[in-house]
There are 2 protein chains.
Amino acid sequence: MNISEKINLTDTTPEERSPEDRSMAIRESLRNAIIDRRLAPGTKLSESEVGSLFDVSRTVARAALQMLAFEGLVKTERNRGAFVSNPSPEEARQIFASRRLIEPGIVAAAVERITPEDIAEFRRQLNEEERYMNERGPAARRAEIKASGDFHLMLASVAGNVILQRFMDELVARSSLVIALYGRSGVSSCGHSEHTAVLDALEKGDGERAAKLMIHHIDHIEADLDLQVKQGLGLKDALSLG
Amino acid sequence: MNISEKINLTDTTPEERSPEDRSMAIRESLRNAIIDRRLAPGTKLSESEVGSLFDVSRTVARAALQMLAFEGLVKTERNRGAFVSNPSPEEARQIFASRRLIEPGIVAAAVERITPEDIAEFRRQLNEEERYMNERGPAARRAEIKASGDFHLMLASVAGNVILQRFMDELVARSSLVIALYGRSGVSSCGHSEHTAVLDALEKGDGERAAKLMIHHIDHIEADLDLQVKQGLGLKDALSLG
DNA sequence: AATGTCAAGATTGCATACGATTTGCCCAAA
DNA sequence: TTTGGGCAAATCGTATGCAATCTTGACATT
């Protein structure tokens with residue numbers, strides 16, 4: 001099995017291709033591939049394969065995989081390799097529980113700092129979302145998931161707390177994985193209007209309302225998932241998770 | 001300058017010295033040294049030095065330093081090396097803002113799951129805290145900071161959300177650094193009684209009250225810090241921090 | 001005295017080599 | 001046919017070597 005065609009090697013923009021760590025670029029590229037579901041959960045990412053794909057040595061490939069492991073996007077098994085994470089329903093629940101905790105706070109911080117320019121930027125982003133929403137096909141759906149995540153990330157950026165921003169980075173990435181895994185197909189489209197509603201409340205300076213809307217939004221996302229005990233796939237999972 | 005005497009090479013318990021990643025053990029050891037302030041902020045941690053200290057190659061030492069960089073406990077500069085983080089007051093504020101967001105949620109989750117055994121364990125921990133509190137000297141003070149952090153970590157563990165647990169791990173570690181840097185000496189002792197109060201509320205199953213107490217506790221910790229613009233030290237800092 | 005230039009030393013960035021561990025296959029024996 | 005053992009391939013874990021980059025100190029120049 002060859003993963004090469006699944007990865008877009010030019011994900012990183014030229015100017016971001018800094019003279020610095022190539023491992024960072026590789027991480028980004030793999031991250032995007034994973035959260036777009038171009039790399040399915042369980043896919044093996046061997047050091048040598050990743051290395052030769054990006055034309056670097058195992059050392060730097062390894063560094064990228066270590067970072068992804070730290071973020072929870074891949075899991076490594078000793079002497080076996082790294083695999084794209086296959087989050088369990090329990091993990092999924094914890095991810096959303098974390099988001100329910102953090103995002104209202106982010107909204108509350110954002111309402112204090114958001115500028116008209118930010119609002120305009122958000123509107124652009126929401127248009128993009130809508131565009132993908134109206135398209136059909138798996139590519140558009142992936143783009144929609146990504147765009148939807150970007151909304152939350154932009155919010156975190158506006159809130160101005162770099163630590164929470166990093167937490168959200170991780171949570172959104174893992175959420176994308178979870179949605180791709182457990183999402184029921186049709187319903188994610190309702191997310192867009194909820195984003196709009198949150199933004200409207202923010203624009204009016206009504207942080208209370210924005211936070212409430214955000215919680216409902218997260219609830220809806222989670223409610224759209226099918227988090228029953230995993231059918232079939234793994235007895236290993238059944239055992240390891242009790 | 002030699003950092004060897006600052007690091008306790010036997011920090012990790014024998015059974016935790018798993019046949020696995022030695023870099024993990026090194027990370028733990030350095031982490032402890034940093035949050036105890038045996039390694040002062042700004043201290044350089046060169047790969048070869050760390051490597052020879054723990055008797056491993058630079059490769060392994062490097063992996064440990066990368067993990068610490070990911071956690072925000074060290075900062076790496078390209079082609080220069082890794083340095084123990086020197087968190088700015090702004091960073092400190094963001095750390096505590098994050099904690100104010102997350103910890104009430106952890107308390108709320110913990111109250112649902114805490115067992116009598118957990119309570120007993122907490123009481124033991126609080127006794128330990130008290131012991132250090134009554135001792136004098138910098139060593140006792142460091143131990144007190146560490147014990148105080150452990151209380152919050154135990155709470156996160158009881159809450160049962162591994163993601164939040166990891167976030168708290170990072171936040172508590174960085175808080176320790178911040179407290180050591182900006183803490184006014186005398187006042188941290190009030191923390192102990194607040195921990196006790198939180199635990200009492202938890203034992204009674206009063207999650208509301210426990211969460212409120214926790215927020216106040218965090219407020220008090222932050223209020224005890226001196227987060228004014230850093231006096232004197234650096235024009236370099238003044239520039240880089242705006 | 002202050003500043004600019006340059007070379008030596010130190011340190012990281014990266015690649016590669018070798019050893020250890022695991023996996024999977026093949027074949028023999030029941 | 002099934003089970004068990006052993007060997008080969010693959011992969012990771014680690015050490016080390018070389019090149020690139022940065023710092024530092026000395027020295028010359030203004």
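Just so it is clear: chains get the letters A, B, ... in the order the sequence lines come, proteins before strands, and each one is counted from 1.
A/I163 is not listed as a side-chain neighbour of B/F167, based on a closest heavy-atom distance of 4.5 Å or more. Residues B/L68 and B/R27 are in side-chain contact: their nearest non-hydrogen atoms beyond the backbone lie under 4.5 Å apart. A/F54 has its side chain out of reach of A/R22: every pair of non-hydrogen atoms, C-beta onward, lies at least 4.5 Å apart.
Listed by residue number, the members of residues 58-70 of chain B with any heavy atom below 4.0 angstrom from DNA chain C are B/R58, B/R62.
Atom pair B/R78:CZ and D/dT21:P shows a separation of 8 Å (rounding to whole Å applied). Atom CG in B/L45 sits roughly 14 Å away from atom C1' in C/dT11 (whole-Å rounding). Across the protein-nucleic acid pair, A/M24 atom CE and C/dC14 atom P stand 12 Å apart, rounded to whole Å. In this structure, B/E47 atom CD and D/dA20 atom P are separated by 18 Å, rounded to whole Å. Taking atom CZ of residue A/F83 and atom P of nucleotide D/dA10, one finds them 16 Å apart after rounding to whole Å. Taking atom CZ on A/F54 and atom P on C/dA15, their separation rounds to 14 Å, with Å as the unit. Look at CD on B/E49: it is 8 Å from P on C/dT11, rounded to the nearest Å.
Here C/dT12 is the nucleotide among D/dT11, D/dT14, C/dT12 with the atom lying nearest to any side-chain atom of B/K44. Checked against C/dG13, C/dC14, C/dT23, the side chain of A/R80 finds its nearest nucleotide in C/dT23. Set against D/dT21, C/dT11, D/dT14, the side chain of B/N79 has D/dT21 as its closest nucleotide.
Across every non-hydrogen atom of B/I95 and B/V178, the tightest pair is CD1-CG2, 3.9 Å.
No hydrogens or angles considered: nothing links the side chains of B/Q125 and B/E121 as a donor-acceptor pair under 3.5 Å.
Using a 4.0 Å cut-off between a side-chain N of Lys or Arg and a carboxylate O of Asp or Glu, B/R100 and B/E222 qualify as a salt bridge.
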